[in-house]
Amino acid sequence: MSVGTKTLRPADLDTFEDEHLVAELKKAKEELFNLRFQSATGQLESHGRVRAVKRDIARIYTIIRERELGFRKVEVAVVKAAKAAPKAKAKAAVETKDDTAEETK
């Protein structure tokens with residue numbers, strides 16, 4: 001069983017842009033700081049969360065480094081293209097309707 005946040009799986013991280021990865025990294029580091037602070041003051045209830053956040057940070061660093069080295073590509077373009085395809089088809093359909101309307105006049 002892997003430890004970490006369910007929303008930060010490597011497959012999910014592949015779809016994040018670099019800026020979003022950096023934002024997630026910053027958020028995870030802040031959470032780790034808060035967890036360490038709670039641990040030092042004796043207020044920490046979930047000790048396993050520290051381990052999960054550390055692993056999330058390591059995962060994000062790994063994805064960033066693999067992108068720098070060219071081992072891993074950003075899949076955002078594929079996702080954006082898939083989302084834009086229905087809009088492009090709708091736009092083409094509207095243009096086709098306009099062209100046929102002009103021909104009938």
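Note that this is a predicted model, so its numbers are computed, not measured.
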d(Leu21 CG, Asp14 CG) to nearest 0.5 Å is 9.0 Å

Quick check: do Leu44 and His47 have side-chain heavy atoms less than 4.5 Å from each other? yes

Heavy atoms of Asp18 and Arg67 approach each other most closely as OD1-NH1, 2.8 Å

Heavy-atom nearest pair, Val53 first then Ala28, reads CG1-O, 3.3 Å

(request) Answer with yes or no whether the hydrophobic clustering places Ile60 together with Val22; edges join I, L, V, M, F, W, Y residues whose side-chain heavy atoms lie under 4.5 Å apart. (result) no

d(Leu25 CG, Asp56 CG) to nearest 0.5 Å is 10.5 Å

Worksheet item: Should Arg49 and Glu31 count as side-chain neighbours, where that means a heavy-atom distance under 4.5 Å?
Response: yes

Contacts of Glu30 meeting salt bridge (Lys or Arg N to Asp or Glu O under 4.0 Å) (sequence neighbours excluded), chain-then-number -> none

Taken in chain and number order and not counting sequence neighbours, the residues that satisfy side chain to side chain donor-acceptor pair (under 3.5 Å) with Glu68 are Arg65

Main-chain N/O of Leu35 paired with Ser39 side-chain donor or acceptor, under 3.5 Å | no

One should read off an interatomic distance between Leu13 CG and Leu8 CG, to the nearest 0.5 angstrom, of 5.5 Å

Of all heavy-atom pairs linking Arg72 and Pro10, the shortest is NH1-O, 4.1 Å

Mind checking whether Glu24 and Lys27 have side chains closer than 4.5 Å, heavy atoms only?
yes

| Beyond-backbone contact of Arg9 with Asp12, side-chain heavy atoms, under 4.5 angstrom | yes

